[in-house]
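Every number for a ligand or one of its atoms is a count from 1 in the order of the listing.
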Amino acid sequence: MLDKRSARRIALLLRLQIAWFSYNRDVRYVTCCEQWCVMALLGVNIDHTATVRQARRTDEPDPVWAAVEAELGGADGITFHLREDRRHINDRDARILRETVAVKLNMEMAIADEIVDIAVDLKPDQCSLVPERREELTTEGGLDVVRHRARIAKAVARLRDAGITLSAFIEPISEQIEASAQVGFQAVELWTGGYAHAKTPQERDDAIDELRKGIETGHGVGLEVLGGHGLTYRNIAPVAGLPGFSEFNIGHSIVSRAIFVGMREAVREMKRLLTLHAPAR
Ligand code: PXP
């Protein structure tokens, strides 16, 4: 076993190495300090590789391949959204992802009966319940757990009985967080869209404050707190620096960068930013 001092030294060396490496590769945010840091895990959402495939209704690019590449780049989890309209990920993808993904497999889903049945059979490690509207481009805003409490509680109970961990994708609002704990979720993923879409520095600071409060409320009611939506290489730093996020789910920005540098490298670069901006303990 390493004593704490040696571990600290190794951590510092690693951080210096990462900072130097990142600096040389022109990654934008570089910080380095002699501190213990708590780095959030990275879940990579691979839906948009399937979006490109579906643009031609062909068999490439394969999201299963994207998941393998993301794992090789250091992804801690793979996230996919099996939508009711199957606009990107389909049942075949979900099945093969379950068979091949070695890290945490997170299935985003609406509380529709058909999808709940599929999840109970598939048994991903985690299900993230999200709102779903056919006319939306992507998931917009969080699930209203307060309003749909009874229906959500029923789906949560079925999925938990199947041994699946449950996360609610919600806005950072205390009533929603408390209701999520009450209906049986073990985690909440706070919608970071308010921050990502902020138009002014003031709006951005307010959104960061809301997230900070959301994390406190979540931990206060015994929930694990994740974050996601609209996070990019350019805007991740302040959110990654907030203490208390255990994981981020990031999709569009990583898949976009992967077009130019490949999925492995795109994931590596995001992991590097999470390390560089991880909050000190
Ligand atoms: N988390 C959840 C619950 C989502 O629905 C999405 C979008 O599919 C993401 C994270 C990822 O968002 P983005 O593609 O903007 O990174």
Exercise. Pick, from Glu108, His252, Met109, the option with the minimum heavy-atom distance to atom 2 (C) of ligand 1.
Key: Glu108

Practice problem: May I ask you to decide whether Glu265 forms a salt bridge with Arg257, counting only side-chain N to carboxylate O separations under 4.0 Å? | Solution: no

Exercise. Examine Asp47 against ligand 1 and note whether any of their N/O atoms are separated by less than 3.5 Å.
Key: no

Quiz item: With atoms numbered from 1 as shown, which atoms in ligand 1 lie under 4.0 angstrom from a non-hydrogen atom of Glu189?
Solution: 1 (N), 2 (C), 3 (C), 10 (C)

Quiz prompt | Candidate with minimal heavy-atom separation from atom 12 (O) of ligand 1, of His88, His229, Arg83 | solution = His229

Practice problem: Under the ring pair (Phe, Tyr, Trp, His ring centres under 6.0 Å) rule, collect the residues that match up with Tyr195, sequence neighbours excluded. | Solution: none

Exercise. Using distance alone, decide if ligand 1 has a nitrogen or oxygen within less than 3.5 Å of any nitrogen or oxygen in Leu231.
Key: no

Self-check item: Carboxylate-amine/guanidinium contact Glu216 Lys213, below 4.0 Å
Solution: no

Quiz item: Pick one: which of Val225, Leu143, Leu226 meets side chain to side chain contact (heavy atoms under 4.5 Å, CB included) with Val188?
Solution: Val225

Tabulate below the donor-acceptor pairs under 3.5 Å that side-chain atoms of residues 111-121 make, not counting sequence neighbours, or state none.
residue: Glu114; atom: OE2; partner: Arg86; partner atom: NH2; Å: 2.6
residue: Asp117; atom: OD1; partner: Arg158; partner atom: NH1; Å: 2.8
residue: Asp117; atom: OD1; partner: Arg158; partner atom: NH2; Å: 3.2

Exercise. Treat each ILVMFWY residue as a node, draw an edge where side-chain heavy atoms are under 4.5 Å apart, and state whether Phe245 and Leu273 are in one component.
Key: yes

Quiz prompt | Atoms of ligand 1 close to Phe169 [distance to a heavy atom under 4.0 angstrom, numbered from 1] | solution = 2 (C), 3 (C)

Quiz item: When you check the gap from the basic side-chain N to the acidic O, do Asp93 and Arg53 get nearer than 4.0 Å?
Solution: yes

Exercise. Would you mind listing which atoms of ligand 1 come within a distance below 4.0 Å of any non-hydrogen atom of Val130?
Key: 3 (C)

Quiz item: Which atoms of ligand 1 sit under 4.0 Å from any heavy atom of Asn45?
Solution: 8 (O)

Practice problem: Report yes or no: does Ser253 have a heavy atom closer than 4.0 Å to ligand 1? | Solution: no

Exercise. Could you say whether the N/O atoms of Gly251 and ligand 1 ever approach to under 3.5 Å?
Key: yes

